Structures are given as structure tokens and as C-alpha cells.
Amino acid sequence: MPQNPGWYYNEFKQIGVDYTDLKEVETYDLNMQKLRDIENEAKGILELLKIKNMDLVLEIGTGTGELALKLSGHCKKVVAIDVSRTMIYFAKTKAESQKKTNIEFHNAGFLTYENHDEPFDAVVTQLALHHLPDYWKMIALKKIYGMLKGGGRLYLRDVVFPSLILDYEDFFSKIITDLKGSLGDKFAKEMEIHIREEFSTLDWIMEGLLKNAGFCIEFAKYDGLMASYLCKKLTSID
Ligand SMILES: C[S@@+](CC[C@H](N)C(=O)[O-])C[C@H]1O[C@@H](n2cnc3c(N)ncnc32)[C@H](O)[C@@H]1O
């Protein structure tokens, strides 16, 4: 495997919550099962990405593998990657216990995964891209573009900051106070760490990055701090 140059970003270094810690991974899994309706999320993503039986799908930052498990029932193969060895171990164990045989797990990330197989029909990544600084988000999106078939789609969901805010101090303080009230101290602390140490970017920057990577943005939706984008790699007949 060729070595990256000395200036290349080390995406395996944990920022924010340490997802190499098994306790954190177990807690993350439990919380997500409680707070999210993954079944419904997967249904929506299958429709948006128009996933078919013979499709190859890549999930980047799979975490505990819940989405990959659900998608695998509707396509030929899911390649699920994550920079945390612990997450991959956890997700793989879950897949084995559910006798899922068409998910390929790799301990790799946006910047280090190399696809030596056919290009993908669809790529999905949720709550992971904010781990990279903006320049490296650009490299990551270009790599995704390169791994997709013409006509293939990317679904990206992540924490993105709105740009039409007059007072950011007020804005973030209110978010922390509301989170404390609704989900408790641990979530509020994690959001503080997110804002302070992770690399969520602004809405207009994210849209610019996607366009500059070559994508046509079919939709960009914003709901508080959550943003979702459906993007297409156009073909010559589009
Ligand atoms: C907040 S979790 C989200 C997991 C899952 N996608 C979900 O929606 O629940 C973020 C995940 O992204 C992974 N991650 C962080 N940086 C990454 C990178 N550069 N490439 C791939 N995965 C990364 C972390 O290890 C972690 O599993």
C-alpha cells in the first residue's frame, strides 16, 4: 500500500468523543437505538438513493453499523467503513449475529479507503464528515465523487452551522441549555465538545464544497443544526 506524504491528514486520530473506547461505543449504540428511528431513516435513504437489488453501496463512518445492516437487505453489497477499529469490531459482531453476509467492513476512512472493485451506485455518510477540517472535507468529497458511477448519488447528513445568525454566542448558549433540558448533561457536554473541537462547517461552505467536488446538489435541507444533502454525479446525458 503506498504511504501518504508527511503532510497528509491523520484521520485515525480521534477528535471529540473517543470512539475507540468500547464503553463509548456501547453507550452510543444504546442512545441511537433510543433516540432515532433507524428503520424509518433507512427507508428514506433507500428511496432517496434509489437503491436496487444489484447495487453496490458504500457507507462512510458506519459507527455501530445500524444503517448498513438495514441497507444490506435491499442491495447486492454494502461496504461499511470507519476509522474506529472498535466501531468496526462492534458493527461486524452485530452483522455476524444477524447472519448478514453481504456487508464488507473495513477499518478505513474518507481519506484512506481505496476501492479496487467496481464503482459504487450510491454512497451514504451520516454524522461523520464533520470530523475533517474543511480542506480535507474537499479531498473526501472528491474521493467519493471518484468512487461513484455516473448517475450515482451521495446522501450526506451532518451537523452544519447556519450562516444567518446574528449572535453566535446567544445561538450556541441556547442550544446547550435546550439540550441539557431535553436530553441531559452528557448530551449537552458532547455538544459543547462538538462546537469547540470538531469541524462542523457553515451551510454555504458545505454547499460550495459539494459543488466544487463535481456534484449536482438535488436538495439541501436544514433543520436546526442538522443538514442533509442529496447529490448526484451527472452523466453526459443529464
Ligand atoms: C457520530 S458517529 C456516527 C455513526 C453513524 N454514521 C450514525 O449515524 O450513527 C461518527 C462516526 O464517524 C467515524 N469517523 C470519524 N472520522 C472519520 C473518518 N475520517 N472517516 C470515516 N469515519 C470517521 C467515527 O469513528 C464514528 O464511528
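From a predicted model like this one, the values you see are computed outputs, not experimental measurements. Numbering of ligands and ligand atoms starts at 1, following listing order. Any value given below was found using the heavy atoms of this structure, including those in side chains, with hydrogens, waters and symmetry copies removed.
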Original post:
Should E190 and K186 count as an ion pair when the cut-off is N to O under 4.0 Å?
Top reply: yes
Original post:
Taking N or O atoms only and a 3.5 Å limit, does D82 qualify as a polar contact for ligand 1?
Top reply: yes
Original post:
For atom 10 (C) of ligand 1, what's the nearest protein heavy atom and its distance?
Top reply: L127 O, 3.3 Å
Subject >> Numbering as shown, the atoms of ligand 1 that approach G61 to under 4.0 Å (heavy-atom distance) >> reply: 4 (C), 5 (C), 6 (N), 12 (O), 21 (C), 22 (N)
Original post:
Any salt bridge between K70 and E66, counting N to O under 4.0 Å?
Top reply: yes
Original post:
Given the rule in the side-chain hydrogen bond (donor to acceptor under 3.5 Å, both in side chains) test, do S163 and D203 qualify, once you have shown the distances and angles that lead to the verdict?
Top reply: CA-CA 6 Å; S163 49; D203 43 18; 2.7 Å; yes
Original post:
Would you call Y28 a ligand 1 contact, heavy-atom distance under 4.0 Å?
Top reply: yes
**OP:** Show the numbers, then the answer: is there a side chain to side chain contact (heavy atoms under 4.5 Å, CB included) between F120 and I144?
**Re:** CA-CA 9 Å; F120 291 98; I144 292 172; over 6 Å; no
**OP:** Please determine if L132 has a nitrogen or oxygen closer than 3.5 Å to a nitrogen or oxygen of ligand 1.
**Re:** no
**OP:** With heavy atoms under 4.0 Å as the rule, classify the contact between R36 and ligand 1 as side chain, backbone, both or neither.
**Re:** side chain
**OP:** Flag the pair D170 and K174 as a salt bridge only when some basic side-chain nitrogen lies within less than 4.0 angstrom of an acidic carboxylate oxygen.
**Re:** no
Subject >> For atom 17 (C) of ligand 1, closest protein heavy-atom neighbour >> reply: V83 CG2, 3.5 Å
**OP:** Measure the distances from the heavy atoms of E66 to every atom of ligand 1 and state whether one is below 4.0 angstrom.
**Re:** no
Subject >> Passing candidate, salt bridge (Lys or Arg N to Asp or Glu O under 4.0 Å) with K77, options D55, D117, D121 >> reply: D117
Subject >> Identity and distance of the protein heavy atom lying nearest atom 12 (O) of ligand 1 >> reply: A128 CB, 3.5 Å
**OP:** State the atoms of ligand 1, each with its element, that fall below the 4.0 Å cut-off from a heavy-atom position in S84.
**Re:** 25 (O)
Subject >> D167 atom CG: more than 12 heavy-atom contacts under 6.0 Å >> reply: yes
Original post:
Tell me the ring-ring contact (aromatic ring centres under 6.0 Å, His included) pairs involving residues 10-62, sequence neighbours left out?
Top reply: Y19-Y28
**OP:** Just jot down the ligand 1 atoms closer than 4.0 angstrom to any heavy atom of Q126, in number order.
**Re:** 3 (C), 5 (C), 6 (N), 8 (O)
**OP:** Classify the contact between F110 and ligand 1 as side chain, backbone, both or neither, using a heavy-atom distance cut-off of under 4.0 Å.
**Re:** both
Subject >> Heteroatom distance test (Q14, ligand 1): nitrogen or oxygen, under 3.5 angstrom >> reply: no
**OP:** Tell me which part of H131 gets within contact of ligand 1: side chain, backbone, both or neither, using heavy atoms under 4.0 Å.
**Re:** side chain
Original post:
So which bit of T62 gets within less than 4.0 Å of ligand 1, heavy atoms only: side chain, backbone, both or neither?
Top reply: backbone
**OP:** Only counting residues at least two apart or in another chain, list the ones meeting salt bridge (charged side-chain N to carboxylate O under 4.0 Å, His left out) with K232.
**Re:** D238
**OP:** Note the single closest protein heavy atom to atom 19 (N) of ligand 1, along with its residue, its atom name and the distance in Å.
**Re:** E11 OE1, 2.7 Å
**OP:** Among all protein heavy atoms, pick the one closest to atom 21 (C) of ligand 1 and tell me residue, atom and distance.
**Re:** G109 CA, 3.5 Å
Original post:
Is the closest basic N to carboxylate O distance between E41 and R157 below 4.0 Å?
Top reply: yes
Original post:
Where do H116 and E114 land on the side-chain hydrogen bond (donor to acceptor under 3.5 Å, both in side chains) test, with the steps shown first?
Top reply: CA-CA 6 Å; H116 298 293; E114 297 287 344; 5.4 Å; no
